[in-house]
J.: 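Take a look at the following structure, please.
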Amino acid sequence: MWWLVLLSANIGVAWSYSMGAPPSTCSTMFPVHSGSPARTGPTPYFFQLIKSTYSPEESLSVNLVGNGALMRGYQIQARDGNGNVVGQFTSAQGGRTINCQGQMNGALTHANPMDKQGVSFTWKAPSNAVGSIVFIASVVQTYNVFWVNVKSPAITPLTIPPTRPPTQPPTPPPTTTPAVTIPIPTQPPVTPRPPQVTTTTAKTTTTVVTQAPSVVTTAPDVDTSTPAVGRVTMDDTCGISKGCFVSCEGDSCDYVVTWKDGADYVDFEVSSKVEMDNVNWIAIAFSSDLKMGDDDTVDCIAKGSKVIVTRSFNKGTQNIPLGPVDGVVGLSMTSGTFQDGILSCKFRRSKPNQVTRRKRQVDPSQSMFDLNQKWYLMFGQGSGFENNNGELTKLMHKENPKVTPARVDFQSVGVIGETARYPLIKVHAILMIIAWILCTGVGIVAARYYKPVWTSTNVMGQRIWFQIHRTLMVTALVLTLIGFIIIFVQAGGYSRIPKIEGKEYLQAHPPLGIIVTILAIVNPIMSIFRPGPKDEKRPIFNWAHWSVGMLAHILSVVAICFGMEMKKSTAPSYSVWVVVGYVIYHVIMEIILKSFDLYLNRTDTGRIDALGMTNTGASAQNGNHFKVPPPPAYTERDTVKNPKDSTVKKLLLAFHMAIATAFTITLVLLVALYD
C-alpha cells in the first residue's frame, strides 16, 4: 500500500505540467521542475525566421526547431527592448496560448507531453511599432534537461526608404566617372549597369519585376508556393493573404491546404506526402459536420506525370465520382504535379452553386456547396487504380480524413493547425478499458481461484470472493452500457467503419462491441436463475456462466485492440502492444494461480473448493435465506483451514490488482492525453 501511495505522489509531480506551462512562469520562463537547474551550455534549439522586419499588426510565421534534438515542452514569448511581452500568438501546431503579463495570448506553450521535432506558430505584431523585438523560448527536452532564454535574431520595424524617380539610374562608383554633373537620362536605364553585373545577365534586365534570388534556378516555372523537392513546406503567405489548414512539425509538413478568396471564386492549393503507389490521390471535402457523408469533394488523382482534378460526392461512406462532364462543373484553372512522393494540385472553385435546381432534384449528389457559407474542411488521401478505359479511380482512404475543429470561413486568412477532436470517442474508449481490463480482469480471477480463501470471513453476509466478483462485474456492466450509449450518440446510430486497405479487420469493431454488450447483459441475468449449490444442474450453470464471461472478456480485449488502431481514438500506435502485454501478463497470472492450486491440492485432496457464496445449505440459494434459521455455516471439516486459504494467494491477488490497475492507468493516459 505504501508503494502505491509513493507511486501516486510521484505521478502527480511528473504530469503536473504535461499540458503546458502555467501563467505563473511568464516572468521568469523557468520550468517548475523541482531540483533541476537549467542547462548553461550551447542549446540545440533555434528559431527560424522568414523575415527580419515587421509591420504593425502583421502576422509572421516562425519555427522553433532542434538540430536533431526533440523537445517535450516549451514556452515562447516575444519581447521588446525593455523586456515587455508584446504581440499575440494566434496559432500553433500542437500548442496553446496563455495570457502573460496582462497581454492576451501573450505566450505560447505545449499542449501535450509528446516528443516534438519542433513547433510552427503564427505571431501577430502589436498595433504600434515598439522597436526591435526578440522571440525568447524555454525548451524542455526531458524533465531534468531544459534550456532557458533561447533567443531569436531581432526583428525590426519595417521602414520605407524615400522613393526616387523610376528613370534615375543607380549612382555609379566614384572611380568610374569624374566628379562632374551627371545629366538625368531620358530613357530607361538599361545599359548603365554597375560593373559587377556580368554580361550573362544582360538578357534578364528586361524582367526586373522578378525578385527571386539567383539561386532559385531548379524549376523553369518559378512558384514561391511550390514545396521543396521531396518535402511539403509551409506556405509563407499563410495567415497573411491565404487561409491554411496544415499539419506541420518544424519546417516539414504532412499536408498543406491553402485558400485565397476572390470575387465569386476561391483559389485552392493542396499538397501532401503520399505513398509511391501506381495511382495516388489527395482530396478536400466540404461538410456540414465532422463525419464523412453528404460531402462535396474535390479530388486530385495522379498516375506518374498525369494528374487530374475532378469533383465527387460522399454519400455515406461511399465516394461517388461525377464523371468527366459533371466532375468539372465549378472548377477552373486546374493543374497538378506528382514528384518525389509529393502530390500537389491547384484549382479555382466557384463560390455559388452552378448546378441547376432541377438537376439537384434528380441527383442531389451533384450539388455544390456555396463557399460563401462556412463548412467543415476535410483532407484525405489514399491510392487508386486505372481501369480499362484509362480512367483514374479512387480507392477508400487508408486513414480517417483530417477534419478542421470548427467550420471554416473561406473568406478568412487564418491558419488552422489543429484537427477535430472526438471527446465522446475518448470517453467511450476509457470506459471500456476500465470495464474490461481492470474490473473484468480482476473479477474473473477472484471467482476462479479465490473461493477457498477467507473461508471463515463474510462481508455483509456474503463471501469475500463473491463480493469482489459481483462488485467488479456489476461495475463493468454499468460502464459498458454507458460506453455503448455514448458511442451510438456520437455515431448517430450504428456506424460502419470504412474499409481501410491492409486493416480491413477494423470493420469488426462495431459488431464485436455489440456482441460484448449483449454477453455482458446476459451473464448477470443467468445468475438470477442460478440453481442451488447441490442442484444437479449447478455444474451446467457454472460452465455456461464461465463460458459467457470468458467469451465476453476475450472479445472485449480484441475490440479494444481494434479501437486503439482507429485514428479517432488518437492513441499512439504502440498502445496496441500495451494491450497485448496485458493479455500476456493475464495468461501468465492464470497459469501461476492454477499451478499453485494444483500444488496445494496434493496436501488435501479431499477439500471441496467450490464453497457456496453464503452460509448455504439446501434452504439457501443466490444468497437469499428463508426466514427459518439456516444450517450451520460450515461443517466440522470446513473449520479446518483450507490449504488454498494461504497468505501467498492473498498476496498474488493484491499483486494482480496492482498490475491490472497499472495497465488500465497507462491505457487511459494514452487515450486521454494524446491528440
Side-chain angles (χ1 to χ4, degrees), residues 20-23 25-31 38-67 69-111 116-141 146-159 233-234 236-240 246 248-252 414-415 417:
T25 62
C26 279
S27 299
T28 63
M29 296 185 68
F30 199 92
R39 293 298 176 100
T40 57
T43 173
Y45 305 100
F46 58 93
F47 285 92
Q48 293 178 331
L49 302 178
I50 294 176
K51 53 189 302 187
S52 60
T53 60
Y54 72 93
S55 301
E57 297 188 348
E58 180 183 7
S59 294
L60 300 180
S61 296
V62 184
N63 298 327
L64 174 63
V65 297
N67 186 16
L70 299 176
M71 65 178 70
R72 186 165 298 173
Y74 57 84
Q75 183 183 169
I76 305 172
Q77 299 176 11
R79 295 187 178 182
D80 60 15
N82 297 321
N84 299 318
V85 174
V86 294
Q88 293 183 337
F89 293 88
T90 58
S91 68
Q93 175 72 11
R96 65 181 183 90
T97 59
I98 56 176
N99 300 335
C100 193
Q101 296 183 4
Q103 178 66 40
M104 183 70 69
N105 301 327
L108 182 71
T109 186
H110 56 282
K116 311 163 185 66
Q117 294 181 345
V119 56
S120 298
F121 60 88
T122 302
W123 174 81
K124 185 178 181 180
S127 56
N128 298 316
V130 292
S132 296
I133 294 176
V134 175
F135 292 101
I136 302 177
S138 296
V139 185
V140 176
Q141 189 176 84
F146 56 88
W147 286 262
V148 177
N149 204 29
V150 179
K151 293 185 177 181
S152 73
I155 57 174
T156 56
L158 178 64
T159 57
T233 57
M234 185 76 165
D236 296 345
T237 59
C238 283
I240 301 175
V246 303
C248 300
E249 285 287 347
D251 59 350
S252 180
V415 179

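Keep in mind that this is a model prediction, so the values were computed, not measured.
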J.: Residues two or more places apart in sequence or in another chain: which of them pass side-chain hydrogen bond (donor to acceptor under 3.5 Å, both in side chains) with S152?
T.: none

J.: Applying side-chain contact (heavy atoms from CB on, under 4.5 Å), run through Q117 and V65 and close with a yes or a no.
T.: CA-CA 6 Å; Q117 294 181 345; V65 297; over 6 Å; no

J.: For residues 71-79, please give each side-chain donor-acceptor pair under 3.5 Å, one per line with the distance, not counting sequence neighbours.
T.:
| from | atom 1 | to | atom 2 | distance (Å) |
| --- | --- | --- | --- | --- |
| R72 | NE | D115 | OD1 | 3.2 |
| Q75 | OE1 | Q77 | NE2 | 3.0 |
| Q75 | NE2 | T25 | OG1 | 3.1 |
| Q77 | OE1 | R79 | NE | 2.9 |
| Q77 | OE1 | R79 | NH2 | 2.9 |
| Q77 | NE2 | C26 | O | 2.9 |
| R79 | NH2 | C26 | O | 3.1 |
| R79 | NH2 | S27 | O | 3.4 |

J.: A quick test of your reading: do over 12 heavy atoms of other residues, nucleotides or ligands sit less than 6.0 Å from NZ of K151?
T.: no

J.: Just verifying a value: how many Å separate T97 OG1 and F89 CZ, rounded to the nearest 0.5 Å?
T.: 9.5 Å

J.: Do you know the tightest heavy-atom contact between F146 and V140?
T.: CB-CA, 3.7 Å

J.: Which pair of non-hydrogen atoms, one from V62 and one from L49, has the smallest distance, and what is that distance?
T.: CG1-CD2, 3.5 Å

J.: Apply side-chain hydrogen bond (donor to acceptor under 3.5 Å, both in side chains) to T90 and list each qualifying residue two or more places apart in sequence or on a separate chain.
T.: none

J.: What distance do M234 atom CE and S61 atom OG have between them, rounded to the nearest 0.5 Å?
T.: 5.0 Å

J.: With Q141, which residues qualify under side-chain hydrogen bond (donor to acceptor under 3.5 Å, both in side chains), at least two apart?
T.: Y45

J.: Using every non-hydrogen atom in the two residues, find where G95 and L108 come nearest and quote the distance to one decimal.
T.: C-CD1, 4.5 Å

J.: So, does N99 use its side chain to make a donor-acceptor pair with the main chain of N105 at under 3.5 Å?
T.: yes

J.: Using modelled atom types only, decide if a donor and an acceptor are shared between the side chain of D80 and the backbone of G83 within a distance under 3.5 Å.
T.: yes

J.: Test of understanding: with side-chain contact (heavy atoms from CB on, under 4.5 Å), list the residues that count as partners of S55, not counting sequence neighbours.
T.: E58, L158

J.: Side-chain polar contacts of residues 121-139 - donor-acceptor pairs under 3.5 angstrom, sequence neighbours left out - could you list them?
T.:
| from | atom 1 | to | atom 2 | distance (Å) |
| --- | --- | --- | --- | --- |
| T122 | OG1 | S91 | OG | 3.2 |
| W123 | NE1 | V86 | O | 3.3 |
| S138 | OG | M29 | O | 2.5 |

J.: Which residues pass the ring pair (Phe, Tyr, Trp, His ring centres under 6.0 Å) test with F46, sequence neighbours left out?
T.: none

